[in-house]
Structures are given as C-alpha cells and as structure tokens.
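For reference, the structure is listed below as structure tokens.
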Amino acid sequence: MSTAQRVLITSALPYINGVKHLGNLIGSQLPADVYGRFCRALGRDTLLICATDEHGTPAELAALEAGQSVEAYCTEWHGVQKDLCDRFGLSWDHFGRSSSRQNKELTQHFARVLWHNGHLEVRTTRQVYSGTDGRFLPDRYVIGTCPHCGYDRARGDQCENCTRVLDPTDLINPRSALSGAADIEIRDSAHLFLKQSAFAGRLREWIDSHKNEWPNLVTSIAYKWLDEGLQDRGITRDLSWGVPVPDDIADGKLKGKVFYVWFDAPIAYIAATKEWADANGKGEAWRSWWTEGKANDPLSVRYVEFMAKDNVPFHTVGFPCTLFGANETEQPAWKVVDHLKGFNWLTYYGGKFSTSQKRGVFMDTALELLPADYWRYYLLANAPESADSSFTWEHFAGTVNKDLADVLGNFVNRVTKFCAARFDGKVPDDGRYGDEEVKLASDLDVRVKQYTDYLEALEFRKAVAELRAIWVVGNEYLTRAAPWTELKTDRARAAASVRMGLNLVRLFGHLAWPIIPSSAVKILATVSETPAIVPWPHAKMGAFLSELIPGAPIQPADVLFAKIADEQIAEWQTRFGGTE
RNA sequence: GGCAGCGUAGCUCAGUGGUAGAGCAGGGGAAUCAUAAUCCCUUGGUCGGGGGUUCAAAUCCCUCCGCUGCUACCA
C-alpha cells in the first residue's frame, strides 16, 4: 500500500437530473467521503472532489419539461444536490459543475491536443432526426415495433421485451419517444471519433499492472471491453447543451456540435479542482494534484477514484485514452488513476431503485425520516462490494437498532451516566489500570490496526464490521469490570474502570468519525473534545486510553440513536412500496 | 443471442485446495450501570443441481438451472 502523503480522491459525478437515491449514494459519493475523512484524520494532504454531471440529452429534456432553460435547470438542481451532500456530511473540498467555464476550457484543450496528436478523426454517421421535435434523437428515444417479437414499445437500442439489441432502423413504425411524431428520418451527421482501438495494448498493460490491487469487478469489466475488441468512440453529439467543439478542430466541420457527456465528465474532475483553486485563491496549485510525479517525489499524489460499475468502462477505457493520448505531448504528464474502487448495485428488495416508478429511498426523503448517520452506517455496513446488496426496511431497522442504538449508543450512555451519578461527572482520579486494562489495550491494538488496514484497503463492509467489534469489546470490558459492583467494596477499582470506560468512549468517537461524523462529534462532546477534524489514534492503545485528564468534566449524552419502532417500519414499507 | 457478476444457516454476508464461519433472528443463563440496552452459552447448512480432477473441493474443470447487469448514441 502506498505511503503517499498527498491523496486526490474523486467520486463519480452524480447526474444533474433530480435527487439521487441511496444506491447512487453508496455507489460512489459516500465511500469517497469516508476515505477522504480517513485520510484527513491520518494527517495526509487530502483533496476530495466531486461535481454534478450536467450535459447530455436527459438534462435538455428535463429542462424542457420543467419549462426552464437548461442553464437555469442545472443551476437549480446543482444547488439541490449540493445541499443534500452537505446534509449527508459529504465533505467535498469542492463540489463543482461539469458546465463550468473551467471545464469548457479544459475539455476543449484536451480535444485540441488529441486532434493535434492524431487521435481524433471525423466520420460521418447516420443519426435519427425528428422533424416535429426539431432535434436529433439518441437511439433509445426512438420507439417502434420490434421486428423480432412484435412488442410495440421497443426502444431503438434494445427491445425491453425480448432483450435483443436493435438499431433504430430495425423498428417497424418508428416514432419519437418525446412527441410520438412519426416524421423521423435518417440524416448524415459528421462527428469526431476518439481512436481508442490504437490504445488497446497500452490499456491492457496498464490494467494488468493493477489487476492484483483493484476489485475483480473493475478489472473484469475492463478486460471484457478489451477482449471484445476496443472500438473507436464518437465523442461529439448533435445537441445544443454541452461544451462546443472549437472551430479550429477539423476546419470547423463540426460547428454547432458539442462534446459527448462522457468525454467532458471525467475531465470535469480536473476542472472542478481548478474551480476549487480559483475559488480559494490557490492559483496554479490545482496542477500539482494532476501532475504525474517522479518516483519517490515527496509531493507525488496518489489518485483514488470511486464509482459504481456502470461507470467503470468510461474510467478504465475512455478517460485513460484521453490522458494517454494527451500525454504524448503534454508536459508534465497528466495524472492517471492509481486505485479504482468500483461498486455493484444496491437494490431495493432485490429490484431496481427507480426514479420514474418512485421505487426506493431517495436522499431527500431519507433525511426527512432519520439523520444522515443512520443511513451512512447502514449503507457502509452493507456496501455492495462483492455483489449487489439488497436494502430492506427490516434489515435497515435491525442494523440501526442493534449496532448504533444498542451496542454503541447505549455504551456511551451507560458509561457517561454512571460517571455523572457516582463520580460527580468528572473523569475519576482514583485507582490504577491493572491486568484487565493491559489485556484490553493489547486486544484493541490488534483490532484498531485491522480496522485501519480495512479502511486503507477500501474494504468498507469489513471495516464497519471491525468497528462494531471494537464497540463490543468495550461492552465486554465493562461487564467484566462491573464498576457498579466494585463500587460497593473497592471504590478505587471502580474509578479506574470508569476512567477506562470514558477513554473508550473517546476512542470510539475518534474511530467512528469517518463513518458517522456528526454522531462522532456528539460522542466526543461528552468527554469535552471538539475538534473540526478528528485525528486518527496513532498511539498504542495503552497510551491513548490514558489520555483523558482526571477531573475533566463529562457531559452525559442524550439518546444518541433513537430506535426505529416496528410501526415506523410498517409505515415506511407502505409508503415506499415495492416490497412485494 | 453474446458476455460479466452472483447463488454458502431463517435473513444479510465472509470464506479460492486441508475438520463449514460472522452478525442478526431463534433457545437457555448471568448481570442490574444503561435507550428492556449489555455479557456468556447455544440450536441451525448434503456451500443452486449433476458430473469430473485430486489423498483432499464451497474453492479447480465441464454441464444444467436461477437471479442481476452490460451489450459501445441513457448516463
């Protein structure tokens, strides 16, 4: 594992079109935040970047439907998404926009470099044009009767009924999915293609070099694309909303066209870093985050990307091709990802989360029901890492009630309240740690290291399971030490174990901060700590668990995590539906 | 159709050649500081079916079944 002290982290960009659901959240943004917080806690120079992905057909159509300009629509929804990020504790250094001036400039820059380096070429393609709608239509926005099975609402890219792959020209009685109009025609249209096929060998070597560290999910998707034979890819579209193709490319033959959203979206990682620098008076500092460092350079950056599996091809094929092609002439070279963490899907009772069918739980409604940390904990404890994972209300409530309320919340409560009742609400001074405490500390040394290693390895499920096991160790200790019994015969002994209990509360706050930040802050407030960034416990546990100063005030917490009642589960099942 | 991932205890999942595991749920007990919270013990599985390789298979190979996704102009 790298020891780089500078870490650049990006989350896949959420699409601008509406509120994201819990599956989107656990698929990239939440794990990126956890790793970012973990790196900051360790004292690493960390930059955590996300943005909204604003270009493409769906944004244009959603704006049309909302009766807004695309710009206004995107500005509004960027605001909504940013607010939801804040309320979920997603601690971006910058949450940018792919429609920013910076991204326009950088996208055009990359296109020019690729053009000059001979990696782009103009090809004429046949596109569906709808007269009534006055626009070109992507294949899936053309519907008609499937020539294979007769299904009358087959899409131009695939028939949902018989699952066969189609071309829009295969459809019988084709019509626009937008207006239903039948006046559609095929028009020739010139587009830029990125000659990806030339990079196949280079990409395979690059994937090979990472296959032992990246998730199997990621490398198997990448190999699948390479094995099937990499095709050149169109990187422009006949849309009005997007980054315009500059006139100096292809002698202006592509005037009025824009870049494909998947060409400019990854570049927006870099552009959002520039937005961050511009907004914070950092000047050219953004470049150092995106520069490939020399070996052993202390300023070298480790770059980690988070995304769900649908994004993997664009990050293992498309974006690397852009960077490889540009790096033939760009000095210093652009940074290519070091570690790529991919996720499977979170399902809702085994089925798809669906915006259109209102199936599942979305970020805004989730926060109306319960605080962010409940969701953060559940999602990370059940992150879809090795396979798709299923959200159910019963499982969610069971996890929250047992782990957060009973194991963690009750521990903090029992220790701090006992201290308040029997030790005057101050860290007890009497007594000394004995064999029991030495054994506890050595047990925790092993577990804290394991937890740290899991976070470093981006194994979120295992990390959370280990964190929970650490909380259980606290409860086990308290049961063995039984200060409520010792108090009757040996007050000093009871005092030492309460002091240890309070130090454990503090430890739990430090360790839990990347996962459940606002709860961790509340926990630390009980022992009068209020750091903005909660530092990782570097010390051996024997020392760390002696750091609370005797006599320091203790403020017992209110109920940290309220339990979810059976009636609430029943109500939410009914309200959110789709459980059959 | 092709390809990929997955299929292990009632539930959610670990486990990639060496005596089947965890958490939850279920059962029994202890304790009474605490949100009736905790702690200890415990029931429970022909590892999707079949075939093969091996001294030894959840693990490797073949085949079948099931679920999910992708299939390059949705993002």
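Values below: all heavy atoms of this structure, side chains included; hydrogens, waters and symmetry mates excluded. Numbers restart at 1 for each chain; the letters A, B, ... are given by sequence-line order, proteins then strands.
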Looking only at the side chains, is there a donor atom on one of [X] and [Y] sitting less than 3.5 Å from an acceptor on the other?
X        : Y        : answer
A:Asp238 : A:His191 : yes
A:Gln81  : A:His78  : no
A:Gln555 : A:Thr416 : no

(request) Report the nucleotide, chosen from B:rA75, B:rC3, B:rU12, that has the shortest atom-to-atom distance to any side-chain atom of A:Glu228. (result)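 In terms of side-chain proximity for A:Glu228, the closest of B:rA75, B:rC3, B:rU12 is B:rC3.
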(message) Nearest to the side chain of A:Lys488, heavy atoms from C-beta on, is which of B:rU32, B:rA72, B:rC39?
(response)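 Comparing B:rU32, B:rA72, B:rC39 against the side chain of A:Lys488, the answer is B:rU32.
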How far does the [atom1] atom of [N] sit from the matching atom of [M], given to the nearest Å?
N      : M      : atom1 : value
B:rC13 : B:rC6  : C1'   : 13 Å
B:rU53 : B:rC70 : P     : 40 Å
B:rG23 : B:rU8  : C1'   : 15 Å
B:rU38 : B:rC47 : P     : 34 Å
B:rA9  : B:rG49 : P     : 11 Å
B:rU35 : B:rU12 : C1'   : 25 Å
B:rA31 : B:rA25 : C1'   : 23 Å
B:rG45 : B:rG7  : C1'   : 14 Å

[N] OP1/OP2 closer than 4.0 Å to side-chain N/O of [X]:
X        : N      : answer
A:Lys224 : B:rC70 : no
A:Arg414 : B:rA37 : no
A:Arg468 : B:rC24 : yes
A:Lys402 : B:rA36 : no
A:Thr399 : B:rC24 : no

Between atom [atom1] in [X] and atom [atom2] in [N], what is the gap in whole Å?
X        : N      : atom1 : atom2 : value
A:Phe391 : B:rC24 : CZ    : P     : 20 Å
A:Ile221 : B:rU68 : CD1   : P     : 18 Å
A:Trp345 : B:rA75 : CH2   : P     : 14 Å

(request) Check whether any side-chain heavy atom of A:Leu217 sits under 4.5 Å from a side-chain heavy atom of A:Val312, and report yes or no. (result)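 With C-beta onward as the side chain, the pair stays apart.
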(request) Side-chain contact test, heavy atoms from C-beta onward, threshold under 4.5 Å: evaluate it for A:Thr52 versus A:Trp77 and give yes or no. (result) no
(message) Which residue in the set A:Glu456, A:Glu459, A:Glu305, A:Glu385 passes salt bridge (Lys or Arg N to Asp or Glu O under 4.0 Å) when paired with A:Lys341?
(response) A:Glu385
(message) I'd like to know if A:Asn413 reaches the base of B:rA34 with its side chain, counting only an N/O donor and acceptor under 3.5 Å.
(response) no
(message) On RNA chain B, compare the nucleotides closest to A:Thr485 and A:Tyr15; which residue's is nearer the 5' end?
(response) A:Thr485
(message) Here's a test of your reading of the structure: between A:Asn344 and A:Arg422, which maps to the more 5' nucleotide of RNA chain B?
(response)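 Whichever sits nearer the 5' end wins; that is A:Asn344.
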(message) Between the side chains of A:Asp403 and A:Arg468, is the shortest nitrogen-to-carboxylate-oxygen separation below 4.0 Å, so that they form an ion pair?
(response) yes
(request) Give the stems involving RNA chain B, where a stem is 3 or more consecutive Watson-Crick or G-U wobble pairs (i with j, i+1 with j-1, and so on) under 3.5 Å. (result)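 Runs of three or more consecutive pairs: B:1-7 with B:65-71, B:10-13 with B:21-24, B:26-30 with B:38-42, B:48-52 with B:60-64.
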(message) For the base of B:rC33 and the side-chain ring of A:Phe418, does the geometry meet a stacking cutoff of under 5.5 Å between centres and under 30° between planes?
(response)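 Here the ring of A:Phe418 and the base of B:rC33 are not stacked, as the 5.5 Å and 30° limits are not both satisfied.
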(request) Apply the side-chain contact (heavy atoms from CB on, under 4.5 Å) test between A:Leu137 and each candidate in A:Ile143, A:Val142, A:Thr57; give the one that qualifies. (result) A:Val142
